[in-house]
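Shown next, in structure tokens, is the structure this report addresses.
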Amino acid sequence: MAASWLLRTGIVVLLGLAAVAPASAASPGSELTKLTDPDDTFTSPDGQVIIEQYWKDKGEDDRVYEYWAFDAKHEHGVLLNRDQYIDDARYPAGFRFSPNSQWVVRMQKLGSGTHTLFLYRRSGSQFSEATPKPLGDMAWDYFYSQPISRQIHRKSGDRDSIDHPQVHLVKGADDNYASQGRHWPDSRYLVLSLSFDAQGEDHPLPWVEDWQCVFDTKTDKFSIPPDLAKNNAETINYPKPKMG
């Protein structure tokens, strides 16, 4: 009786240990093809992380990409774009690490004239999504909360109808924007640029080009410093009046 109880207990313990044991190192499957151009691979400033890109065909004339982060020895892999965002990976991406190597921005083309951003947080050799939805989507949320969206007669419900929406990372993140005269804490702020046009509108409304805001990785909040506010006032484009 006691031996039987000990046996059952031992099995339970072993199963429990198996449940908490670390999973084997992940890696791309054999059906994936690696992009081999040096410009398609990205290394963190501390040299401890390498991001590689892989692709596979998904039906006729349809290709999907996977973005993998590896340790320097290429022993442990982490898939950055997981299931819910796999459909946003139809093109190769660009990646930009923060100076302290703890953050990485994925710069993602979505289609002709459309572009967004994703933000990941690094902890050792692991990565996690740093925002509840793509950073680009959050930037548009912020744009539509600002007076400029009403000034150009745009409502939040118009988001799906604007043409060629793009969110880009403004150059300068590599040095914390010191090259632009900033004196910001290390790896805390990201400057984003938003643009769209009115090409698909029967009666074009005003649009913006290179409207900028700042994302704070510590608070997850957006803001517009005074110098950017001055710049943003000049980003509004108005449709030309029809002739005749």
Side-chain angles (χ1 to χ4, degrees), residues 22-131 133-137 139 164-177 179 186-187 190-193 195 215 217:
S24 57
S27 62
S30 58
E31 74 279 9
L32 293 168
T33 300
K34 179 183 175 182
L35 296 180
T36 56
D37 191 305
D39 291 339
D40 292 320
T41 298
F42 304 85
T43 303
S44 61
D46 64 6
Q48 298 303 304
V49 175
I50 300 171
I51 294 178
E52 298 175 348
Q53 305 187 70
Y54 296 77
W55 64 269
K56 64 180 177 181
D57 288 325
K58 187 179 180 181
E60 187 175 355
D61 299 324
D62 193 8
R63 180 171 287 183
V64 65
Y65 288 80
E66 291 186 1
Y67 315 112
W68 286 82
F70 293 93
D71 63 297
K73 295 182 179 180
H74 215 274
E75 295 177 344
H76 304 285
V78 177
L79 177 61
L80 295 180
N81 56 316
R82 297 180 174 87
D83 294 342
Q84 64 267 45
Y85 298 130
I86 197 70
D87 288 337
D88 293 326
R90 303 297 183 185
Y91 298 88
F95 292 86
R96 185 77 69 243
F97 283 90
S98 62
N100 66 1
S101 301
Q102 298 308 300
W103 305 89
V104 62
V105 180
R106 171 179 146 208
M107 301 171 286
Q108 182 68 61
K109 177 181 178 181
L110 297 177
S112 177
T114 58
H115 193 278
T116 194
L117 301 175
F118 295 81
L119 181 63
Y120 302 94
R121 178 186 290 107
R122 174 191 169 199
S123 178
S125 61
Q126 298 299 310
F127 285 83
S128 60
E129 292 161 1
T131 53
K133 57 182 175 179
L135 181 60
D137 287 359
H164 300 140
Q166 300 186 45
V167 184
H168 292 276
L169 180 66
V170 174
K171 184 178 180 180
D174 294 345
D175 65 357
N176 296 308
Y177 300 94
S179 56
D186 182 32
S187 305
L190 299 170
V191 182
L192 312 183
S193 169
S195 301
F215 180 72
T217 60

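In this chain, numbering begins with 1 at the start of the sequence shown.
Between P92 and Y67 the shortest heavy-atom distance is C-OH, 4.2 Å. Taking each heavy atom of L79 and N81 in turn, the nearest pair found is CD1-OD1, 3.5 Å. The shortest heavy-atom contact between A69 and V49 is CB-CG1, 4.2 Å.
Distance check, rounded to the nearest 0.5 Å: NZ of K73 to OG of S125 gives 12.0 Å. Note that CD of Q102 is 8.5 Å distant from CZ of F127, once rounded to the nearest 0.5 Å. The distance from atom OH of Y120 to atom CD1 of I51, rounded to the nearest 0.5 Å, is 8.5 Å. Between the CD atom in Q108 and the OG1 atom in T116 there is a gap of 8.5 Å [rounded to 0.5 Å].
The closest donor-acceptor contact from the side chain of S98 to the backbone of W103 lies under 3.5 Å. In this structure a side-chain-to-backbone donor-acceptor pair under 3.5 Å is missing from D57 to R63. Checked by atom type and distance alone, the side chain of N100 never pairs as donor or acceptor with a backbone atom of S187 at under 3.5 Å. Side-chain N or O atoms of H164 include none that pairs as donor or acceptor with a backbone N or O of T114 at under 3.5 Å. The backbone N or O of G172 sits nowhere less than 3.5 Å from a side-chain atom of S179 that would complete a donor-acceptor pair. In this structure a side-chain-to-backbone donor-acceptor pair under 3.5 Å is missing from T43 to G47. No donor-acceptor pair under 3.5 Å is formed between the side chain of E52 and the backbone N or O of F70.
In this structure, a donor-acceptor pair under 3.5 Å is absent between the side chains of Q53 and W55.
Using a cutoff of 4.0 Å between basic side-chain nitrogens and carboxylate oxygens, R122 and D46 are scored as salt-bridged. Using a 4.0 Å cut-off between charged nitrogen and carboxylate oxygen, K34 and D40 do not count as a salt-bridge pair.
Geometrically, R106 engages F118 in a cation-pi contact defined by less than 6.0 Å to the ring centre and at most 45° from the axis.
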Are H168 and Q166 close enough, and set up right, to give a side chain to side chain donor-acceptor pair (under 3.5 Å), and what steps lead you there?
CA-CA 6 Å; H168 292 276; Q166 300 186 45; 2.7 Å; yes
